[in-house]
Participant: 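Supplied in structure tokens, the structure appears directly below.
One-based numbering, in listed order, for ligands and for the atoms of each.
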Amino acid sequence: MKKIAIINGPNLNLLGTREPEIYGNQTFEAYFKQLQTKFPNVELTYFQSNVEGEIINKLHEIGFSYDGIILNAAGYTHTSVSIADAVKSITIPVIEVHISNVYAREEFRHKSLIAPNCKGVITGLGLLVYDLAIESL
Ligand code: DQA
């Protein structure tokens, strides 16, 4: 069975209540259960942290043994050299995802430091981006 991890960065623990007009009404925990039901042949794990170093530690921990990582680094996407370096340092494929269309938003969201080190990027389709990333892996 393939092992795929979803890693969500800062403020994504507030999905469902945070800016619902941008991010929707569903909690990630509820959505994650749906994903597990939809992909019974994939061993899915979910990790969320608001702390940059914890995200890096998780990437190091699983980045040589799992089959893939779906990473929504949230605001760190646009600022974190260290998360970008961590993605480059590990050996398994990483897909960057964003719930909102970052290109339709403020200019500072148009730049991802992480994307050049990823296998692909999916942005702007709501929570469906996670389904599509799993399918692709
Ligand atoms: C986000 C987009 C980022 O720009 C933002 O900082 C987030 C969420 C998204 O999923 O749309 O926190 O990664």
Participant: Give the table of side-chain donor-acceptor pairs shorter than 3.5 Å for residues 112-127, with sequence neighbours excluded, one pair per line with atom names and distance.
Facilitator:
{"unit_1": "S112", "atom_1": "OG", "unit_2": "E96", "atom_2": "OE1", "d": "2.8"}
{"unit_1": "S112", "atom_1": "OG", "unit_2": "E96", "atom_2": "OE2", "d": "3.2"}
{"unit_1": "S112", "atom_1": "OG", "unit_2": "I114", "atom_2": "N", "d": "3.1"}
{"unit_1": "S112", "atom_1": "OG", "unit_2": "A115", "atom_2": "N", "d": "2.9"}
{"unit_1": "N117", "atom_1": "ND2", "unit_2": "A84", "atom_2": "O", "d": "2.8"}
{"unit_1": "T123", "atom_1": "OG1", "unit_2": "S100", "atom_2": "O", "d": "2.8"}
{"unit_1": "T123", "atom_1": "OG1", "unit_2": "V102", "atom_2": "N", "d": "3.3"}

Participant: Quick one: side chain to side chain contact (heavy atoms under 4.5 Å, CB included) partners of K2, sequence neighbours excluded?
Facilitator: D67
Participant: Could you tell me how the ring of H78 sits relative to the ring of H98: parallel (under 30°), tilted (30 to 60°) or perpendicular (over 60°)?
Facilitator: parallel
Participant: The criterion is side-chain hydrogen bond (donor to acceptor under 3.5 Å, both in side chains); which residues satisfy it with Y76, sequence neighbours excluded?
Facilitator: none
Participant: Residue by residue, ordered by chain and number, which ones reach under 4.0 Å of ligand 1 with a heavy atom?
Facilitator: R18, Y23, N72, A74, G75, H78, H98, I99, S100, V102, R109
Participant: So if I apply the side chain to side chain contact (heavy atoms under 4.5 Å, CB included) rule between V87 and each of I56, L59, I69, which one comes out positive?
Facilitator: L59
Participant: Would you please indicate yes or no on a ring centroid separation below 6.0 angstrom for F28 and Y130?
Facilitator: yes
